[in-house]
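Okay, so here's the structure we're looking at.
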Amino acid sequence: MSKKYQTPLLDELKKGKWPSFVTEIERAAEKSEMTDDLLGQVEQSYKERMGHWKHGGMVGVKGYGGGIVGRFSDLPEKYPGVKEFHTIRINQPSGFFYTSDILRKIVDIGDKHASSLYNFHGSTGDIQMLGVKTSELETIFQQLVSFGFDLGGSGSALRTPSCCVGMARCEFANYDAMNICYNITQAFQDEMHRPIFNYKFKFKFSGCGNDCTASIARADLSVIGTWKDNIRIDQDMVKEYAKKMNLHKYVTSKCPTKCMSYGETGLKIDDSNCSKCMHCINVMPKALRPGVKGGATILLGSKAPMVSGPRLSMVLVPFYDVAEDAKNGYQWFRDLIGKIWEFWDEYGVSRERVGELIQRVGIGNFLEAIGLEPLPEMVSSPRGNPFVLYEDYVEVDGEQG
Amino acid sequence: MTDETKAQLEEAIVNLIKEFTNRKRFKPGDIVKEMEMKFSASGITKDDIKIAIRDLTDSGRLIYGYAGGSFLSLPE
């Protein structure tokens, strides 16, 4: 094993029972001098409790403004291998499906032209090829394109839309998350590759309330599966579960809206009060299934804590009939996005996410601008109060409405 | 938009960035707003300006950079 640098602090991180990123970097360092220098710099960062990366700059491939995250060492003389250590974001397929053949082709590129390190996947969803020198960017890009891949988003652009495995592998999916994700990715290629926004914009599509893409916290526009009708119950299977566990303790008492009970007549659910949180279905997947009238709730405005603190998405469209819109190429959804972007473009300021803009100008003004009627279901958090305020209004005779 | 107007628009974008080199970083959105004002009489739309920016970056006359946000610049 390569030991160009002594790394006592990093070595500590190999001792746990879980796989260690240090072990993987050391493996990569056996065939890459660049990665050896990475170990040296990271050790120094741990020792000094200070990062030694600079990011940004003028790195990219011709014609694209996104997809490459410039990364430079601020100790280039000491660690020349990581003087330039850029990240290439590669647009992942919907649902993260790959053949072993395509994975080999991608990692062969990394072995030849980069540090041999990857993130599968970055928090945006892309494959991240780490440790690329500026001079290698165009070569890698052309090779990826020859395999049918493209770069993802970065900078003030649409970030790579991502989705859960959806109907391909999950019985809980209430709509085809993979299809809409693919469609939207194709429809907004320009917005992804050529930054034109005030700041980043993210879509994430989750097939159910389990929200495997964490879209409610990480996407400016979250599309989360839900259903309109009743939870499907197999009472025989409920009884089977009841033999193995305390249903009151693990299911009914955990219901956030207390809309269910279990007794001699079986499991009863007051579906009109169900918030589709998925807890009971997760605990008894063989007994309970989401309803058959599936669709999604569209939420808007979440972000990580940068300018004004973290935010969760708020409900914008309580029920979106995804399957119906799919027949028309998701045109209704695309038009809605267009209106949101137009408003953001017109009134947003630099580095202001769309959720922050809505907070600043008020939800009423925003809804009016994008042409949506305020609804009681537009809540800032599930089962919370709507923040669209209604005033009792009595029309006086002769008054103009 | 005629070819002549498109050429004028592209030239105006490049000149704007050239004029402010090392003084101001223009976000693509800033350029769209500047050009909308400058070419308001010519009936040029936002989409026309976005296409002009795309053509300029595709041809390599302008490149993107990043410093807390994306901006357009002349190639180094």
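Side-chain atoms are counted along with the backbone in the values below, which use heavy atoms only and exclude waters and symmetry mates. Here is how names work: the chains are called A, B, and so on, in the same order as the sequence lines, proteins then strands, and each is numbered from 1. Values in this document were obtained by computation on a predicted structure and should not be read as measured data.
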- Task: Identify which of A:G56, A:G65, A:G66, A:G60 forms the greatest number of heavy-atom pairs closer than 4.5 Å to chain B.
- Result: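 Most heavy-atom pairs within the cutoff with chain B belong to A:G65.
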
So which heavy atom on [X] is nearest to which on [Y], and how close?
X: A:D345; Y: B:K33; value: O-NZ, 3.2 Å
X: B:D58; Y: A:G63; value: OD1-CA, 3.6 Å
X: A:S156; Y: B:G69; value: OG-CA, 3.5 Å
X: A:K62; Y: B:G60; value: CE-N, 4.1 Å
X: B:S70; Y: A:G155; value: OG-CA, 3.5 Å

Is it true that, when you exclude [X] itself, more than 12 heavy atoms of the residues, nucleotides or ligands shown sit nearer than 6.0 Å to its [atom1]?
X: B:D3; atom1: CG; answer: no
X: A:E138; atom1: CD; answer: yes
X: A:E48; atom1: CD; answer: yes
X: A:Y182; atom1: OH; answer: no
X: A:K83; atom1: NZ; answer: no
X: A:K133; atom1: NZ; answer: no
X: A:E368; atom1: CD; answer: no

- Query: Tell me, do B:I53 and A:R194 make a side-chain contact under 4.5 Å, heavy atoms counted?
  - Reply: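 No, every pair of side-chain atoms sits at 4.5 Å or beyond.
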
- Do A:S350 and B:K27 come within less than 4.5 Å of each other through their side chains, counting heavy atoms only?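 Touching, per the 4.5 Å side-chain cut-off.
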
- Task: Output the option from B:F71, B:Y64, B:Y66 having the highest count of non-hydrogen pairs under 4.5 Å with chain A.
- Result: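 If we count pairs closer than 4.5 Å to chain A, B:Y64 comes out on top.
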
- Message: salt bridge (Lys or Arg N to Asp or Glu O under 4.0 Å), that's the test. Do B:K50 and A:D190 meet it? Break it down for me.
- Response: CA-CA 9 Å; B:K50 287 177 185 175; A:D190 237 26; over 6 Å; no

